[in-house]
Each structure stands twice: as C-alpha cells, then as structure tokens.
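Data block below; observations after.
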Amino acid sequence: MAEKFKPKYTRVAQLKTAQDLRNYLSTSNVTLDFDDELITGEASPFKKNITLKSGKKIGNALSILPMEGWDGTADGRPSEFTKRRWENFAISGAKLLWGCEAVAVTHEGRANPRQLVMNEANFSEYENLYKLVIDKHTEKFGSADDLLVGLQLTHSGRFCKPNDNTKFESKILYNHPKLDKKFHLSENHPLMTDDEIDALVEDFVKAAVLAQKAGFHFVDIKHCHGYLGHEFLSAYDREGKYGGSFENRTRFLRNIVEGIKKAAPGLEMGIRLSAIDFVPFKKSATGEGVPDLTPNQAYKYAFGCDDSGINIDLEEPKAFLELAQSLGIQLICITVSSPYYNPHVTRPALFPPSDGYQPPEEPLEGVARMIDVAEGLKKAFPEMVIVGSGYSYLQEWLPNVAHNVLRNGKADFVGFGRMVLSYPTMPDDMLNDRPTQRKLLCRTFSDCTTAPRNGLYSGCFPLDPIYKNHPHAELLKTIKDGI
C-alpha cells in the first residue's frame with residue numbers, strides 16, 4: 001500500500017512481546033488490560049457458553065458483527081459476494097452471528113443502491129441465506145444447535161443513497177447544524193413527519209415477520225452509527241411525539257418492539273447501540289481530526305456525552321438499556337458514534353478512510369474507550385447480554401485483550417468486525433488454541449471503508465484474493481492515488 005504520510009503512532013505489528021505492548025501503552029497513557037498467557041482447553045473464556053432467558057443456547061463467547069458489503073443486486077437480493085461473506089461467517093467458529101449484515105426495510109431506506117432489502121419479493125433469498133449459514137456451520141462443526149443467527153434491520157436516515165452512489169436522498173428527524181452542512185443539506189431540508197415514521201414502524205415489523213419466517217433467531221433493531229434509529233436518540237430539538245423527551249425519543253423503538261411482539265411472537269430481539277456519540281470531527285490544517293466546534297461552544301446532540309461533545313456521560317445510555325430490559329430485550333451490541341463523521345472513534349485505525357483524517361489519538365485509546373463503555377454498561381446491567389466491538393485494531397493482541405475482557409466479565413461476547421474480512425477463521429483458531437496467522441491479520445488500512453465511500457464493493461482488498469484480483473481493486477488504487 002502506498003502511504004501518503006508517515007504514521008504518527010507505532011504499528012501494532014512492531015509490538016512483538018507483551019512487554020513491548022505494556023511499555024507502549026504506558027508511554028502512550030493508554031489504559032488497556034490484556035492477559036500475557038491464555039487459558040487453553042475447555043476452561044478458556046472463549047468457550048464460555050450462554051443460555052438466553054428464552055432457553056436458546058449460544059455455544060461460545062465470540063460473535064461476528066454485521067459486515068455490509070455494498071454488493072447486493074439492484075432490487076436488494078444477495079449476490080455471490082454476499083453469499084461468500086455469509087459462508088465465511090458460518091465457518092468462523094463464532095456462535096453468535098449478530099445480524100450478519102445491515103438489511104434495509106424499505107428501498108428508500110437503503111444506504112447504497114446495492115444494500116440488501118427485506119420484503120416479500122426477496123423473501124426466498126433470505127430463507128436460502130439462513131439455510132446456507134446453518135448448513136455450512138453444521139458441515140464444519142457437526143451441529144448448529146448452539147448457533148444464534150440474527151438479521152440486522154435498518155433504515156439509513158440522513159445517509160440514504162438508494163438510487164445513486166453519489167447522491168444522498170436523506171431522511172432526517174431534525175436539522176443538525178453540523179451534519180446538515182457537512183453532508184450538503186439545506187437548512188430547510190424536509191423532516192420526516194410523524195405519519196411517515198408511523199408507517200416506517202410497520203415496515204420494520206413486516207421485515208421482522210419475514211425474518212422469523214425465514215428462520216432467523218432474532219432481529220437487531222439498529223440504533224447505531226448515525227442511521228435513523230440512532231438519530232432518534234439525539235432528536236432533542238424535534239417537536240411532536242418522536243422528539244424532545246427521552247420517552248418521545250425512544251418511542252420509535254418501543255413501537256417497533258410492540259409491533260414485533262404482536263406480529264412475530266417468540267422472535268428474539270436485539271439492539272446494536274451507539275452508546276456514546278461524539279461531536280463531528282473535521283480535518284485540520286495538519287491533516288489530523290479535530291472537533292468541529294469553536295472554543296467554548298456547547299454541543300447538545302451527543303447522546304451519551306455532555307455538551308463538550310467529547311466527555312462521556314452514560315446517564316441516558318443506561319436509561320436506554322433499562323428501557324430495553326423492561327421490553328424483554330436481552331441482547332445488546334455496544335458500539336460508538338458514527339464512521340461518517342468521526343471514524344477514528346468508531347473504527348480505530350492507523351490509516352484513515354478517503355473521507356477521513358489522520359487519527360487525533362493513539363488508535364489503542366479508541367479501542368480502550370469502546371471496551372470501557374461496554375464494561376460500564378455491563379456492570380450496570382449484569383443480566384443483559386453485552387457484545388463488545390472495536391477489537392480489530394488490536395491485531396496480534398486481539399486474543400490477549402479479548403481473553404482479559406471475557407475472563408473479567410467486562411462483556412459477554414467479543415465481537416469481530418473488519419478482522420473477519422481478512423481472517424474469517426480467527427475465532428476458530430482462538431477457540432482451538434492455534435497460533436494466530438499473522439499474514440491474515442487486518443492491518444486497518446481502511447480500504448473496506450474507502451471502497452464503499454466511492455461506490456465500490458467493501459472487502460479486504462489487501463489480503464483477500466477475491467477482492468485483490470477484482471476490477472474494483474484497480475479502481476480503488478486510482479482513487480487512493482488521487483487523494
């Protein structure tokens with residue numbers, strides 16, 4: 001990969017020993033616990049299983065996070081690339097497949113013209129996808145009885161691009177002074193009406209019914225990364241029944257849950273939640289990211305933060321989990337913020353995506369933040385099943401940090417995101433005490449983000465031969481050379 005700058009921070013690959021890592025964390029003022037030695041065999045924290053209140057058993061403590069590929073068909077069906085990715089999830093060794101992929105509940109709610117869509121016309125495709133996952137998992141591991149497979153349901157809100165990779169067709173809940181400007185929305189861009197939101201609730205319910213019919217064990221009602229479900233949580237300025245008070249800002253969730261309980265009884269539900277949301281960052285004159293605020297300016301739209309926009313305050317996230325628990329939801333996947341307006345917070349990386357900026361902090365600080373937020377929520381809600389995110393940047397040290405997290409009950413599951421695009425069987429290697437295959441490790445070059453930002457497929461172009469040899473690889477190189 002051609003580098004446009006010399007990284008400010010040490011590459012993880014250069015931290016060869018536990019003492020190297022410990023010394024680097026100390027000099028970088030990053031508090032990140034890890035275990036030097038890993039417990040092997042059946043006593044491994046990786047092998048701990050969990051039984052949900054519904055009675056469904058999940059066979060280990062490793063999870064695959066939703067990995068969208070921007071590679072479906074124009075009408076929202078999975079392509080061969082999609083099926084290959086889901087097959088990789090199935091043989092990964094993880095026993096919790098969290099949503100597998102973001103699936104839009106309407107055409108208008110798609111994040112790109114190739115996002116999957118759940119509807120009656122496409123229903124048989126999802127039956128086949130579910131069967132593919134079960135069959136491939138059973139073929140490799142002998143049984144899928146302890147495998148939990150979900151489908152992530154979404155509407156992309158202000159980041160909708162249903163018809164053209166280059167054209168936002170944003171659906172927004174309120175006018176956000178920073179994001180409207182950043183994404184070129186006018187000050188009078190129309191807001192979704194309460195009636196439109198009511199109709200969308202029904203679309204989520206219909207999609208959930210189809211997901212249950214197709215065989216999926218649960219649906220994720222997506223509330224993260226700046227998409228519509230997440231935007232409700234910061235709709236402090238919105239008037240009417242969906243904005244202002246905490247009760248109103250969570251009405252969307254409550255109405256969907258109520259509808260699913262009536263229409264799809266017995267279907268488990270989960271929520272992937274951006275538990276904190278920093279102020280948007282912008283590229284400074286030096287190329288590093290800085291908060292998009294003037295000195296002493298208050299920022300009031302950061303759910304899970306105070307009005308500095310960067311100091312964490314878990315009061316409302318805890319209220320959200322308390323609500324989820326009262327609704328009978330046990331599965332919560334914790335992520336943070338949005339890759340659209342502060343990617344270093346959501347996806348710590350040494351190399352930024354094409355529309356990003358150089359990291360303003362040691363990326364390991366971002367990893368530690370995500371682990372700490374998940375831990376704080378797990379301690380507050382011990383009966384909730386908490387899935388953690390943000391581990392890919394750890395690279396060689398992912399097993400050691402994950403081991404410490406699980407051994408100490410900081411989360412119930414360690415989630416694998418970008419890492420499984422390059423190294424889909426890393427969970428299986430960890431579960432079977434095999435050495436890490438360093439040549440397959442994701443080095444967070446951000447190609448899997450830069451590519452879809454420019455209308456290409458999302459995959460591991462540096463390491464996966466399918467993508468490395470695809471025509472999009474040459475297009476991606478041209479795009480990066482022009483940055």
Side-chain angles (χ1 to χ4, degrees), residues 65-66 68 102 111 152 154 156-159 172-174 176-180 182-183 220 222-236 249 271-283 288-293 299-318 320-321 332-349 352-353 355-377 386-393 411 415 417-418 444 446 448-449 452-453:
L65 303 175
E68 188 181 346
Q152 185 180 67
T154 188
S156 294
R158 70 171 57 243
F159 301 113
I172 63 174
L173 302 175
Y174 64 94
H176 188 301
K178 301 295 183 182
L179 295 181
D180 289 356
K182 181 176 177 66
F183 296 104
D220 168 21
K222 187 174 185 178
H223 275 65
C224 63
H225 297 167
Y227 297 114
L228 191 70
H230 183 204
E231 183 159 293
F232 274 101
L233 301 181
S234 60
Y236 303 101
R249 287 180 284 116
I271 303 169
R272 192 163 198 221
L273 172 69
S274 278
I276 64 170
D277 190 22
F278 281 11
V279 65
F281 273 57
K282 62 182 180 180
K283 185 184 290 187
E288 288 189 355
V290 295
D292 187 12
L293 287 176
Y299 181 73
K300 61 180 179 179
Y301 301 106
F303 178 81
C305 287
D306 65 17
D307 64 7
S308 70
I310 55 173
N311 293 326
I312 295 171
D313 179 352
L314 293 181
E315 180 181 354
E316 281 211 331
K318 287 178 179 178
F320 186 90
L321 262 63
I332 302 290
C333 182
I334 297 298
T335 180
V336 298
S337 212
S338 170
Y340 287 97
Y341 49 83
N342 39 38
H344 79 281
V345 182
T346 307
R347 297 173 183 161
D355 59 348
Y357 42 76
Q358 294 177 31
E361 63 182 6
E362 163 54 58
L364 291 168
E365 180 77 24
V367 176
R369 181 188 298 115
M370 296 177 80
I371 290 172
D372 290 347
V373 168
E375 179 184 9
L377 294 172
I386 301 295
V387 181
S389 306
Y391 291 87
S392 289
Y393 185 74
R418 294 167 290 172
T444 66
S446 294
C448 58
T449 300
R453 288 288 189 270

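Just so it is clear, the structure is predicted and the values come from calculations on it, not from any experiment. Heavy-atom basis, side chains included; hydrogens, waters and symmetry copies ignored.
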If every non-hydrogen atom of [X] is compared with every non-hydrogen atom of [Y], which pair is closest and at what distance?
X	Y	value
K283	G356	CE-O, 3.3 Å
G388	A411	N-CB, 4.4 Å
I310	F278	O-CZ, 3.4 Å
M370	G390	SD-CA, 3.6 Å
L179	P280	CD2-CG, 3.7 Å
V373	A275	CG1-CB, 3.8 Å

Should [X] and [Y] count as side-chain neighbours, where that means a heavy-atom distance under 4.5 Å?
X	Y	value
P343	Y357	yes
S446	R453	no
Y341	D277	yes
P353	R347	no
S389	L65	yes

[atom1] of [X] to [atom2] of [Y]: how many Å apart, nearest 0.5 Å?
X	Y	atom1	atom2	result
D306	D313	CG	CG	6.5 Å
Y393	E362	OH	CD	5.0 Å
I271	I334	CD1	CD1	9.5 Å
L314	I276	CG	CD1	7.5 Å
T335	L273	OG1	CG	9.0 Å
I332	L321	CD1	CG	4.5 Å

>> Out of the candidates R158, H223, R249, only one should pair with E231 under the side chain to side chain donor-acceptor pair (under 3.5 Å) rule; please name it.
In response: R158
Between [X] and [Y], does the ring centroid distance fall short of 6.0 Å?
X	Y	result
H176	Y299	yes
F183	F159	yes
H230	F303	no

[X] (side chain) donor-acceptor with [Y] (main chain) under 3.5 angstrom:
X	Y	result
S156	Y227	no
S274	S337	yes
N342	V279	yes

>> If we count only N and O atoms by modelled type, under 3.5 Å, do the side chains of H225 and T346 hold a donor and an acceptor together?
In response: no
>> If the threshold is 4.0 Å, N to carboxylate O, is there a salt bridge linking D292 and K282?
In response: yes
> Y236 and K300: side-chain contact (heavy atoms from CB on, under 4.5 Å), yes or no, with the steps?
Replying inline: CA-CA 8 Å; Y236 303 101; K300 61 180 179 179; 5.5 Å; no
> Does the pair K178 and L293 meet the rule for a side-chain contact (heavy atoms from CB on, under 4.5 Å), with working shown?
Replying inline: CA-CA 9 Å; K178 301 295 183 182; L293 287 176; 4.1 Å; yes
>> Under 6.0 Å from the ring centre and within 45 degrees of the ring axis: does the NZ or CZ of R418 meet both conditions for the six-membered ring of Y391?
In response: no
